Structure formats: structure tokens, C-alpha cells
Amino acid sequence: MLGNFGRVALVELGHCLVRHAHPHCHMLFKVGGADSNFIVDDIPVPLTNDSVVLVDAWRPHEFVYRPGQPPTQIIALYLDSEWLAALNADHGDFNPLDFFKSSSGPVSRDSYRLLMAVVDCLNGPSPSRSEVELLLSQLVLSTLYQAAVAVRTVGRLGRPQLVDWRIRKAVKYLQQNNGDYDTIDEIIAEIGMSRANFFRQFKTCTGMSPGLFQNVVRLEQAIRLTVVSQESLSAAASSLGFSDPAHFSRFFRNHTAVSPRLYRQGASELLSR
């Protein structure tokens with residue numbers, strides 16, 4: 001479901017998710033199935049009934065599925081920065097790149113009750129966006145409070161700073177061109193860096209490789225085209241530079257846990273209720 005808050009997805013993880021990132025602050029709650037782990041900044045972070053995974057904007061993370069274990073059902077929140085900043089207005093400056101002070105937080109009884117209310121609302125016959133947003137705001141605030149007072153923390157690496165103007169220019173160019181893979185050499189030539197130095201400096205400044213950043217931009221555009229656009233999935237794949245729809249479907253599923261067709265179907269059903 002899409003809303004002012006960003007988007008929320010109820011998904012089942014029965015396979016690995018590749019290393020990726022989002023321009024949103026990301027909260028992952030387990031609602032059923034096996035306990036599991038996400039990898040955030042190369043550090044395992046538990047996802048259980050009692051523990052939520054917290055991922056800052058643009059922070060690389062992945063899900064490693066252990067063959068033979070039952071799938072894990074999760075609620076994934078992709079929180080819009082402006083919405084989260086307004087919700088958190090009484091708690092000082094908002095920095096989506098370093099918002100969560102730990103990659104893990106406890107799930108209290110109140111938070112779990114709110115989480116189940118979100119699930120029931122999404123699975124209900126006629127979920128109201130305003131009702132979902134109210135429940136999500138309560139869940140987010142409850143979770144942030146518990147994370148702030150928790151003694152237990154998970155080690156984290158400091159966030160890099162995007163101080164090199166050449167890398168800032170490259171980031172902006174990639175965002176404006178939907179992460180087009182053919183533009184890397186053009187960018188390198190324009191900003192006057194060697195290829196090796198560009199890749200090294202990009203990783204230093206952003207915390208991710210140019211290829212990973214391209215995938216982030218392409219994924220967000222792919223989700224927009226899948227949910228908002230009425231064009232066919234084949235046309236969406238072509239506009240994003242995929243050679244065939246099957247390649248696009250694999251890319252989408254490896255990042256979101258579901259195919260673009262199922263993602264569109266689920267979004268359509270929610271919007272039509």
C-alpha cells in the first residue's frame with residue numbers, strides 16, 4: 001500500500017534478497033514463520049517476534065535464506081523522509097542517513113499489538129489509508145521509543161559523508177537517468193576521474209558501489225512503474241533498460257521478494273477496496 005507515509009508491504013521471504021538499499025528509512029517486522037536475520041552493513045541483525053530490523057536510508061542490507069527453513073512473513077515499512085521527520089518533530093534534527101541509532105530494536109507488547117492491527121487492516125475487506133497511516137504512526141513511534149531506551153545495541157559502521165562534488169554530481173546524474181548503466185563511462189569522462197578512482201571514491205562517499213546505487217535507483221523506478229503506471233510490464237522493463245521481461249522479473253523478485261506481476265496485482269487489489 002502507498003500513502004503519505006511511503007509504502008508498506010506484507011511479504012513472505014522464502015529465498016534470498018540481494019544486497020540492496022532504499023532512499024527510505026526501513027523497518028522490518030516479523031509477523032509469522034521462522035526467525036531469521038538480515039545483514040545490515042555486513043553485520044547479522046536478528047528478525048524475531050521480539051526484535052525489529054532498522055535500516056537507515058541508503059544503507060546496504062540483504063536477506064540470507066537458509067535452505068530448508070520455513071519462510072518468514074514480514075511487514076516491511078518504507079518510510080518517507082518528510083513524513084518521518086514530521087512524526088519525529090519533537091525529537092531534534094532529522095537525518096535519514098543516520099536516524100536509527102541501532103540496527104535492531106525490541107518489539108514491546110504494545111508494538112506487537114499495533115503490528116497485528118496493521119496486518120489485520122491490510123488483510124481486511126476494505127483497508128482505509130487513513131486507518132493504516134494512523135496505525136503505522138503509532139507503531140513507528142512505539143518502536144522508536146523502545147529502541148531509544150533499550151540497553152542492547154548492534155554494532156554499526158559510521159555513515160560516510162558525500163563531500164566530493166564529483167560524486168555528488170554522479171549521484172544526481174544517475175538519479176535523473178533512472179540508474180542507466182550506459183551512463184557510467186559518460187559520468188567518469190565528464191568529471192575527469194579515472195575509472196578505478198571513481199569506483200573507490202564512490203564507495204567511500206556513499207557506502208555502496210556504483211552498481212549497487214544504480215540498482216537502488218532502478219528498483220524505485222521499477223516499483224513506481226509497476227504500481228502507478230498503466231503500461232505493460234514488458235514496456236516497463238524496456239524503459240528501464242532490461243533486455244527482456246524475464247530479466248526484469250528476476251531483478252524485481254530478488255529485491256522485493258515478489259514478482260512485478262504479483263506486486264502490481266496486490267497493489268491493485270488494495271487500491272480497489
Side-chain angles (χ1 to χ4, degrees), residues 1-9 11 17 19-29 38 40-41 45 52-62 74-105 111 114-115 118 129-130 132-148 156-164 167-179 202 205-208 212-228 255-256 263 267:
M1 174 179 281
L2 304 177
N4 294 328
F5 55 85
R7 65 180 187 265
V8 55
V11 297
L17 296 181
R19 186 174 175 87
H20 61 289
H22 307 283
H24 314 85
C25 289
H26 197 26
M27 304 178 78
L28 299 154
F29 296 88
F38 273 77
V40 183
D41 278 337
V45 181
V52 58
V53 177
L54 307 171
V55 187
D56 287 325
W58 302 105
R59 189 177 287 276
H61 56 285
E62 61 191 291
I74 70 167
I75 283 284
L77 307 184
Y78 306 81
L79 300 173
D80 177 81
S81 293
E82 292 184 3
W83 182 86
L84 192 53
L87 185 68
N88 202 57
D90 295 333
H91 298 276
D93 294 337
F94 174 79
N95 177 7
L97 299 179
D98 193 26
F99 178 65
F100 300 120
K101 301 310 176 186
S102 170
S103 296
S104 179
S111 295
L114 289 165
L115 178 64
V118 171
R129 288 196 187 205
S130 60
V132 170
E133 183 165 348
L134 176 61
L135 287 170
L136 288 177
S137 64
Q138 294 172 336
L139 174 61
V140 169
L141 286 174
S142 175
T143 303
L144 291 177
Y145 174 77
Q146 294 298 325
R156 286 179 31 158
L157 300 176
R159 294 311 303 266
Q161 299 297 316
L162 193 54
V163 297
D164 190 318
I167 303 303
R168 287 201 302 269
K169 186 173 183 178
V171 164
K172 183 176 181 180
Y173 193 86
L174 286 169
Q175 289 174 324
Q176 292 173 340
N177 290 274
N178 298 330
F202 196 100
C205 288
T206 68
M208 63 188 88
L212 177 55
F213 185 84
Q214 286 172 312
N215 282 341
V216 172
V217 175
R218 289 180 102 194
L219 177 62
E220 291 305 311
Q221 181 68 353
I223 289 173
R224 189 190 70 80
L225 290 174
T226 299
V227 175
V228 178
H255 285 81
T256 68
Y263 201 100

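Note that this is a predicted model, so its numbers are computed, not measured.
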Is there side-chain contact between [X] and [Y], with heavy atoms separated by less than 4.5 Å?
| X | Y | answer |
| --- | --- | --- |
| Phe29 | Leu77 | yes |
| Leu212 | Phe202 | no |
| Val216 | Pro23 | yes |
| Met208 | Arg19 | no |
| Ile75 | Val8 | yes |
| Arg7 | Ile223 | yes |
| Thr256 | Leu219 | yes |
| Leu139 | Ser111 | yes |

Might you point out which heavy atoms bring [X] and [Y] nearest each other, and give the distance in Å?
| X | Y | result |
| --- | --- | --- |
| Val140 | Met27 | CG2-SD, 3.9 Å |
| Trp58 | Pro60 | O-CD, 3.4 Å |
| Asp56 | Pro96 | CB-O, 3.5 Å |
| Val45 | Ser104 | CG1-CB, 3.7 Å |
| Ala147 | Leu54 | CB-CD1, 4.2 Å |
| Leu84 | Cys25 | CD2-CB, 3.7 Å |

Side chain to side chain donor-acceptor pair (under 3.5 Å) assessment of Arg218 paired with Gln221: CA-CA 5 Å; Arg218 289 180 102 194; Gln221 181 68 353; over 6 Å; no

Say you draw a straight line from [atom1] of [X] to [atom2] of [Y]; how long is it, rounded to the nearest 0.5 Å?
| X | Y | atom1 | atom2 | answer |
| --- | --- | --- | --- | --- |
| His26 | Phe99 | NE2 | CZ | 15.0 Å |
| Ile167 | Leu174 | CD1 | CG | 10.0 Å |
| Thr206 | Asp164 | OG1 | CG | 11.0 Å |
| Ser142 | Leu135 | OG | CG | 12.0 Å |
| Thr143 | Leu136 | OG1 | CG | 10.0 Å |

task: Report the relative orientation of the aromatic rings in His20 and His61; use parallel for angles under 30°, tilted for 30 to 60°, perpendicular for over 60°.
output: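 Tilted, since the angle between the ring planes falls between 30° and 60°.
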
